[in-house]
Every structure is written in structure tokens, then in C-alpha cells.
Amino acid sequence: MTKYIYAFDEGQKDMKDLLGGKGANLSEMKRLGLPVPDGFTITTEACIEYLKQGETLPEAVMTQLKEQLAAFSKRTNKAFSDDQNLLLVSVRSGAKISMPGMMDTILNLGLNDENVEKLAHKTNDARFSYDCYRRLLQMFGEVVYNIPMHAFHTYFDGYKKEHGYETDADIPAEGLKAICEKYKEVYLEEVYKPFPQAPLDQLSEAIEAVFKSWDNDRARVYRDLNDIPHDIGTAVNVQEMVFGNSGDQSGTGVAFTRNPVTGEAKLFGEYLLNAQGEDVVAGIRTPKDIQTLKDQMPHVHQEFVEVSEQLEAHYKDMQDIEFTIENEKLYILQTRNGKRTAKAAMKIAVDLVEEGVISKEDAMTKVDVKSIDTLLHSTFEAHALAHAEVVSQAGLPASPGAAVGHIVFTAEEAKVRAEQGEKVVLMRPETSPEDIEGMIASEAIVTTHGGMTSHAAVVARGMGKCCVTGCSDLEINTTDKIITYPGGTLHEGDKVSVDGANGDIYAGEVETTSAEHSEEFEQFMQWAESIARLNVRMNAETTVDIEAGYQFNAKGIGLVRTEHMFFGAERLVEMRRFILSSDEATRIQALNQIREYQTEDFEQIFRLSGDRPTIVRLLDPPLHEFLPKAGEEVTHVAQQLGISEAKLNKRIAELHETNPMLGHRGCRLAITYPELYVMQAEAIMKSVVRLKEEGIHCQPEIMIPLVSTVEEFTTLKTQIVQCIDNIEQQSGHKLNYLIGTMIETPRACMVAGALAKECDFFSFGTNDLTQLTYGFSRDDAGKFINDYIANGILEVDPFQTLDVHGVGAMIQTAVDQAKRAKPAIKIGVCGELGGDPKSIHHFNGMNIDYVSCSPFRVPGAILATAQSVVESGR
Ligand code: PEP
Ligand code: MG
């Protein structure tokens with residue numbers, strides 16, 4: 001028969017799946033001989049079984065519960081019905097991963113109208129006894145019967161006021177007894193049933209309530225947020241009560257073995273004398289610093305210090321310990337790895353390695369990749385956030401950071417105001433490449449449409465700029481310059497605060513704390529790099545971004561998106577001239593001009609990269625993205641180019657495409673206009689020649705996007721090689737370069753072997769590859785992906801985390817084919833998945849060489865690949 005219940009001395013710390021974190025650690029502490037009140041754990045399997053069947057606890061669980069209680073009574077020499085040695089227990093939930101949002105604790109279980117008198121008699125303290133009973137009535141009512149908290153509190157506070165008692169401690173035994181009577185009436189009023197008097201009924205109902213709380217909404221939301229599976233269930237711990245509220249020689253507290261905010265290696269905690277657990281948490285009385293316990297109870301303090309040192313050394317991590325003192329005797333109620341800030345995590349990990357407690361590899365697992373973001377970007381002050389007015393919580397955390405600024409609705413306005421020294425937040429339905437300068441000028445970018453790979457998201461991440469996309473609860477009217485949100489309206493110039501780390505937006509200015517670099521960070525990242533298997537490059541094209549990426553130790557550039565170089569005001573004019581002119585001479589002249597600009601740009605980029613490899617992707621977006629949309633803009637552009645508005649409009653209409661992302665873009669443009677890529681290749685190699693003459697030996701890697709057939713690639717490669725041959729001849733320099741392709745279409749994956757024979761490298765563009773594999777438009781998927789996730793059709797957004805079975809399988813096929821055809825081929829990933837820790841974990845297991853992501857994601861990516869190596873052993 002399945003064993004559903006384990007006494008504490010039957011378990012150990014590795015049994016977290018079955019006993020939950022709390023239960024496994026209680027068992028472990030018992031094994032270590034620490035002063036842990038006796039008890040037992042009902043397993044997660046019992047929970048899963050119960051949730052499957054519903055209604056009542058499975059019979060086998062009830063039978064074993066009775067057996068365990070009998071054995072427990074024997075060990076403790078106490079029983080629920082014993083006059084002298086009364087057994088009272090606490091009931092606590094304990095999932096494998098600790099989870100706020102679930103039912104937590106019921107204390108003093110076993111008390112009833114009869115036992116409360118026995119306890120009073122035995123302790124000779126009726127006040128204490130009735131205080132325990134009223135706490136049980138309240139906790140049990142709230143968590144087992146869902147009686148609203150205020151039903152008890154209102155009466156309790158009213159009673160105190162009516163009788164002129166200042167604090168809870170002033171209420172005498174008689175008063176508490178009256179309160180207990182009233183509390184029992186509350187049960188009848190609120191749930192039409194009495195408080196169960198039989199201890200076994202109390203216990204079984206409490207266990208059921210813990211099991212049920214596994215499925216409540218808050219717990220589900222928490223699990224979704226933290227990627228905890230929904231089917232692992234929770235355990236329940238039943239433990240003999242010890243009383244921190246039995247006088248001034250008793251107390252209760254919580255302590256961390258190191259400071260959880262700063263990481264300082266010093267015991268950090270608080271306690272309250274004459275109190276039970278929830279008093280510390282409830283904040284009614286102000287707890288004291290653990291250091292003062294030294295003066296109040298020196299030997300208890302000393303024993304606690306020793307226990308905390310023993311526990312930290314045993315678990316090899318900072319511990320969060322709950323304790324109770326009953327008549328000067330110390331009891332440990334719980335230990336677990338303590339939650340900590342990112343800064344503390346980094347310091348603790350480094351200190352533990354330096355103290356010789358853990359290895360560098362172990363250190364990698366002690367820092368959450370997600371938390372790295374908070375070390376690189378400013379964040380909002382928690383106390384300030386608590387009072388801030390929420391504008392939106394529907395958005396996606398597209399790029400982290402905490403930014404405050406005045407609302408603007410257009411990129412032009414952003415630029416104008418920023419030039420006058422104003423901090424602005426650009427808020428738009430969506431952004432497009434022509435907004436680039438306004439985006440650069442803004443502190444943050446907010447859009448109502450688009451997902452994690454929309455233009456705004458990708459560009460902002462690249463710049464390390466705070467960005468929230470897909471705020472579907474906002475309506476942005478750019479014509480009337482007004483934003484309607486569920487709680488009101490905002491206008492141009494109003495201040496907003498944007499939290500890119502979680503997607504929230506607040507009205508007004510919320511106080512921020514800026515990011516700070518620490519020695520521990522540098523040391524930790526150095527270890528991470530020494531362990532990592534995959535190289536991490538950056539996706540970047542501006543000087544600021546490239547410098548940031550190299551500061552974070554990127555190993556090169558994995559993607560320069562050259563289209564961003566066409567949007568500066570003068571460049572755009574020439575690009576438009578090229579696209580719109582029917583006269584060949586004008587077009588060539590325009591391209592010559594663009595080549596000059598690009599040569600300068602590339603020179604800057606390659607100078608920063610030095611001898612580190614740099615992939616430049618040739619022009620990718622459809623041409624209409626460079627054209628004016630309508631109205632005044634068309635008139636202005638027509639004047640600038642000296643053509644009629646009618647002609648311009650005609651050309652815009654000709655370039656219109658029904659599905660531009662599936663249309664005339666990427667390498668397809670260069671099939672029609674070969675001179676485009678040739679111009680870019682020339683600009684790249686001319687800048688390389690200039691630098692070579694200064695003694696800088698660059699490693700340019702020219703990348704052709706959106707290839708589906710080998711012939712597309714070879715046609716364009718021949719033209720490019722021809723052009724580079726000419727440059728070599730003219731310059732007299734032999735130039736080092738690679739030519740490769742982006743793998744962004746399913747067909748390219750299927751012919752990867754043949755393509756590899758022609759390519760020096762591959763880089764998976766997982767944004768387009770995901771778009772084309774699913775047939776989900778990357779710009780529109782934000783509108784429905786959440787419905788897929790809510791309905792359990794998709795677990796995660798495949799644009800954010802690799803779809804292992806579809807897109808992942810496609811990539812695996814392509815990698816296998818390519819490495820078979822050309823073992824030396826270099827393979828990387830440069831789509832957004834290249835910076836996602838979970839996806840990196842999968843890429844780490846494939847035969848690829850590097851991932852590439854926006855500069856501020858580089859440290860997280862390095863840590864993710866190091867963690868993968870530690871976890872998978874390769
Ligand atoms: C991709 O498709 O994954 C990619 C990196 O290119 P872009 O996002 O510029 O289309
Ligand atoms: Mg692409």
C-alpha cells in the first residue's frame with residue numbers, strides 16, 4: 001500500500017518531491033539531532049490523490065493518519081484527549097517549492113471547549129489558554145471555512161475598544177473567553193455550521209483545506225509566474241505545538257543566516273517575546289533585532305547562533321530559519337534556503353565559494369538569471385510603488401528598467417522635447433523603424449499592440465531601454481493626444497513611470513534606485529564565463545550599445561541590423577531616392593551616397609569590435625518601411641525629392657504588399673536589386689580595408705537574410721565575392737571575411753545540408769523562423785497568444801521561449817544536416833530566443849557554437865549557459 005504519511009524521523013532532505021520543502025527539511029533537522037518539535041508529513045501524493053477524487057480524504061490516508069497519531073502519541077506521551085499531557089498541533093502547508101498564496105498555517109489545533117479548560121488547568125494560566133483558543137478559532141475559520149478575516153477582527157477590535165483595552169495583552173482571561181464564545185457564533189452566522197469540536201475532525205478538515213488551497217487562484221497565478229508545474233501538489237506538516245506565547249521567557253522569531261538584502265555575512269533577524277508565529281508577520285507589535293536576544297536570553301541566543309551556523313554549513317546556502325522559545329528552550333520550526341535580492345544572491349554565492357563552502361559550479365545555481373536584470377538596470381523603490389497609482393498591468397515586460405518621463409505620442413515630439421532637456425516616455429499603439437530617433441530620445445517606450453518580438457520590443461532591448469508592449473487595457477489616441485486607462489485619462493506632458501521588469505505602468509513619478517556594479521558581480525561573471533560552453537555575442541549596431549555589450553564581455557557581434565542605419569534624416573532621403581526613382585543614374589547616385597554613410601558606420605562598428613567576429617546582416621525589411629505613410633509626410637517627401645505627389649503616391653501604392661513580412665524583403669530584395677547588397681558589401685569591406693591600414697584586423701562576417709533556397713544564396717554570394725575580389729585587387733590587401741546565411745524559413749532548415757556546403761556560417765533567426773513555422777504573425781500574435789496560454793493550448797509564448805518540439809526540432813534537423821555536410825561550419829542563434837535562459841538551455845544541448853542577444857541580456861545569457869553546463873554536465 002502506498003505510504004502517505006512519514007514521521008519526521010523517516011524522511012530526509014532529498015525527499016522534497018514527496019514531503020515538500022518544509023517536510024523534507026524538518027526530517028533532515030530531526031536527523032541532525034536539532035531541537036525540532038516532533039511531527040509527521042502527509043505527502044504530495046496524498047494531495048494529488050485527494051484533488052483527483054475530491055470530497056473527502058482518501059480512506060488509506062485517513063487510516064494512516066490514525067496510525068500515525070497513535071505512534072505520535074506514544075513518542076510524545078501526549079494525546080488529544082489526555083487531561084495532563086494534552087497534544088496540540090500546528091498544521092502547515094509545504095510544497096516542493098515554497099509558495100505564497102496557499103493556505104499557510106493553523107496553530108493550536110486540538111483545542112476545543114473541553115481541552116481549553118484542561119490546558120488552563122495544567123498551565124495554571126487561563127489567559128494563555130483562551131488566547132490560544134481564540135487564535136485557533138480565527139485561523140481555522142479563515143483558512144478552512146473561508147470566513148472573512150474582518151468578521152473576527154471587527155469583533156475583536158470592537159471588544160477591546162468597548163472595554164478600554166489598549167493592547168491585546170491587556171485583555172484578561174474572561175475577556176478572551178467571551179471573545180471565543182462570540183467567535184463560535186461567527187461560524188454559525190457566516191457558514192451555518194459550528195466549529196468542529198473533535199480534534200480528529202479539525203485535523204482532517206485542516207489537511208483537506210491545505211490540499212484544496214493548492215488549486216486556489218492566487219496559488220495558480222504564482223505558479224504560472226514562476227514556472228512551477230500545476231500537478232505536483234503540496235504536502236502537509238503536522239507538528240507538536242510549542243508555545244512562544246507562554247510568558248516572558250518565551251517568544252518566536254525568524255532569522256536569516258546572512259543579510260537577505262545586502263548579502264552581508266551576519267545573522268539577520270527579529271523576534272518577539274510572548275508571541276505566536278503570526279504576531280511577527282502581522283506587524284502589530286514591532287519585533288526586536290535578533291542581536292538583543294543576546295542580552296535577554298544569552299544561552300538561547302548562543303544556541304541559536306550555533307544551530308544557524310550548523311544549518312548553513314549543512315545546506316551550503318543562506319538559511320531562513322523560524323524558531324520558537326518556550327520557557328527558555330529553543331525549538332527550530334523550519335529552515336529553508338532564504339529568498340534574497342539579486343545583489344545579496346551575487347554576494348552570498350561569491351562569499352560561499354571564497355569561504356570554501358561551495359564550488360564555482362555550485363555558485364552558478366545560486367543566482368537566478370532573471371534577477372541579473374535588476375543588477376543592470378535601475379528599479380523602482382518598493383515603498384514608493386506601494387502608493388503609486390496603477391495605469392496598466394496588462395503589458396508585457398519587453399525590456400527591463402525603471403523609467404520616468406513626460407508622455408509624448410510621436411517620435412518627432414520625443415526628439416524635440418528631449419533636445420530641450422525633458423525626459424520623455426514615448427507611448428504609441430506600435431512603433432516602426434522610422435520612429436528610431438524618437439525611441440533613442442525617450443526614457444521608455446510603451447505600446448498597446450505587439451508582443452515580445454515586436455519592433456518596439458526588439459529595438460528597445462537592443463538599446464537596453466525600458467519598454468512595455470501589448471498594454472491592451474490602454475487606449476492611445478495619438479490624434480487627440482489622450483490615453484484612456486481603466487482608472488482615468490492621461491494627456492501629453494503628464495508624467496508616467498514605466499516598469500520594464502514586470503510590464504507595469506504608474507501615473508506620476510515613482511522614486512527609483514539606480515543599478516550599481518559590484519566586485520562580486522565581476523568575479524561571479526568571470527567564473528560563469530569559465531564554465532559556459534556557448535559563446536555569447538550581442539545584437540547591436542550603435543556605439544553605445546556595442547560598448548555596453550563589450551563591457552558585459554560579449555564575444556563579438558552576432559547581428560548588426562543594417563536597416564537601422566538607413567533611418568537617420570539624410571540617409572532616409574537617399575534611400576527614398578533610391579527606391580522611388582525610375583532613372584538609373586539617380587538611383588546609382590543615391591546608392592553611392594548611402595555607401596559613403598555606411599562605410600563610416602561600419603568603420604565605427606568594426607573599430608569597436610577590433611578582432612572580435614562581427615556579423616553584418618544585409619538589408620532585410622520590405623522597402624515600404626522606408627516610405628512616408630500619408631498626408632503631410634507625403635507632400636514633404638515629394639518636395640524633398642523633387643517629384644510630384646501623384647507619382648509618389650503611385651509608387652507607394654506599387655510597393656504596397658498584402659503580407660509584407662512574407663513579401664519582398666530579405667534576400668528577395670537583392671534578387672531584384674542586386675546593386676543593394678553589392679553596395680553594402682562594398683561599404684563593409686572598404687571600412688575593413690581602412691582599419692587594416694591602421695593595423696586593426698577585423699573579422700567581418702557577411703550575412704544574407706531570409707534565404708530559402710541554395711540558389712538564392714549562391715546567386716547573391718557570387719555577386720558579393722566578385723565585388724570583394726575587386727576591392728582586394730584595388731586595395732592590394734587580402735581580406736579575411738566569411739559569408740553565411742540566416743536560417744529563418746522552414747525550407748532553409750530542410751535544405752540545411754546543401755546550404756551549409758555554400759556557407760561559412762549559419763545564424764538562426766528564430767523570430768522569423770517561429771513566425772513561419774507556426775504561421776503566427778510576430779506583430780499580431782500578441783493579440784491572441786495569451787488566449788492560447790490561458791486555454792492550455794500553448795505553455796509559453798514561442799517567440800519568447802523555444803518551442804522545443806516544433807521550431808526546436810527544425811533547428812536540430814538543420815544543425816545535424818549542416819554539421820554533417822561541413823563539420824567546421826559555425827552555427828549561432830541571433831533571434832530573441834538567443835537571450836532567453838530556457839531556450840539557451842536547449843541550445844546548449846545542440847551542436848551550436850554561440851547565441852547572440854541584446855547587450856543587456858549578455859550577462860544573463862552567459863549565466864544561463866554556465867548553469868546549463870552545470871546542470872547537464874556538458
Ligand atoms: C530573426 O528573425 O530572428 C531575426 C533576428 O531577424 P529580425 O528580428 O530582424 O527579423
Ligand atoms: Mg528575421
Side-chain angles (χ1 to χ4, degrees), residues 398-399 430-433 436 450-463 467 469 536-542 545 557-567 615-623 625-626 659-670 680 701 703-708 712 740-749 761-782 797-803 807-808 810-811 814 827-836 839-840 843 848 850-855 857 861:
S399 179
E430 69 255 305
T431 63
S432 66
I436 194 87
M452 294 292 276
T453 58
S454 65
H455 177 266
V458 171
V459 172
R461 256 198 309 277
M463 297 177 187
C467 175
T469 55
V536 179
R537 295 196 195 180
M538 68 176 120
N539 297 350
E541 46 278 327
T542 67
D545 295 347
I557 303 183
L559 177 62
V560 169
R561 287 181 163 102
T562 50
E563 61 270 24
H564 293 167
M565 299 172 176
F566 288 82
F567 282 98
I615 293 188
V616 179
R617 175 180 73 185
L618 304 181
L619 193 68
D620 184 55
L623 294 183
E625 286 196 9
F626 298 96
N659 286 312
M661 288 305 267
L662 300 179
H664 203 185
R665 60 172 285 226
C667 65
R668 300 162 203 171
L669 284 173
Q680 288 197 291
E701 304 186 341
M703 180 156 75
I704 300 178
L706 216 70
V707 161
S708 294
E712 279 171 333
T741 183
M742 263 180 118
I743 304 285
E744 297 179 280
T745 70
R747 190 179 193 284
C749 290
F761 67 90
F762 275 0
S763 179
F764 286 94
T766 52
N767 303 336
D768 274 306
L769 187 57
T770 304
Q771 164 167 266
L772 294 172
T773 301
Y774 271 99
F776 285 170
S777 153
R778 58 197 262 196
D779 298 305
D780 300 311
D797 176 349
F799 290 103
Q800 290 180 46
T801 297
L802 179 70
D803 151 43
V807 180
M810 197 91 77
I811 293 175
I827 301 185
V829 176
C830 68
E832 289 308 301
L833 305 184
D836 169 64
S839 311
I840 289 174
F843 295 137
I848 69 168
Y850 71 88
V851 290
S852 188
C853 54
S854 51
R857 294 181 95 188

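These values consider heavy atoms only, across backbone and side chains, with no hydrogens, waters or symmetry-generated copies. Both counts, for ligands and for their atoms, begin at 1 and track the order of listing.
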Side chains of [X] and [Y], heavy atoms from C-beta outward: is any pair under 4.5 Å?
| X | Y | result |
| --- | --- | --- |
| L619 | Q680 | yes |
| T431 | V459 | no |
| P746 | M810 | yes |
| D620 | R561 | no |
| E430 | H455 | no |
| R778 | T770 | no |
| I848 | F762 | no |
| F761 | I827 | no |

Under the rule for ring-ring contact (aromatic ring centres under 6.0 Å, His included), what residues qualify as partners of Y774, not counting sequence neighbours?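 Y774: ring-ring contact (aromatic ring centres under 6.0 Å, His included) contacts with F776.
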
Which ligand 1 atoms does [X] reach within 4.0 Å, using its non-hydrogen atoms?
| X | result |
| --- | --- |
| L559 | 5 (C) |
| G765 | 1 (C), 2 (O), 3 (O) |
| G831 | 3 (O), 5 (C) |

Straight-line distance of C830 SG to I743 CD1, nearest 0.5 Å: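 That separation rounds to 10.5 Å.
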
Students should be able to answer this: which protein heavy-atom is nearest to atom 6 (O) of ligand 1, and at what distance?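 Minimum-distance protein heavy atom for atom 6 (O) of ligand 1 reads R617 NH1, 2.9 Å.
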
E832: heavy atom below 4.0 Å from ligand 1, yes or no?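 The answer is no, since E832 has no heavy atom less than 4.0 Å from ligand 1.
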
I'd like to know whether ligand 1 has M742 as a neighbour, heavy-atom separation below 4.0 Å.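 The answer is yes, since M742 has a heavy atom less than 4.0 Å from ligand 1.
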
Would R857 and E832 pass as an ion pair if we require N to O under 4.0 Å?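 The answer is yes: the pair qualifies as a salt bridge.
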
Examine the proximity of ligand 1 to Q771 and report which part, side chain or backbone, both or neither, has a heavy atom under 4.0 Å away.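 Near ligand 1, Q771 shows nothing, with every heavy atom at 4.0 Å or more.
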
Under a 4.0 Å heavy-atom limit, does L769 contact ligand 1 with its side chain, its backbone, both, or neither?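 Contact part for L769 vs ligand 1: neither.
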
Kindly confirm or rule out an N or O of N767 lying under 3.5 angstrom from an N or O of ligand 1.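 So ligand 1 has an N or O lying under 3.5 Å from an N or O of N767.
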
Tell me the protein N, O or S atoms under 2.8 Å from the Mg ion (ligand 2), in chain and number order.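 Those protein N, O or S atoms (cut-off: under 2.8 Å from the Mg ion (ligand 2)) are E744 OE2, D768 OD2.
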
Return the option from R561, R778, E744 holding the heavy atom at the smallest distance from atom 10 (O) of ligand 1.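 Comparing heavy atoms across R561, R778, E744, the nearest one to atom 10 (O) of ligand 1 lies in R778.
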
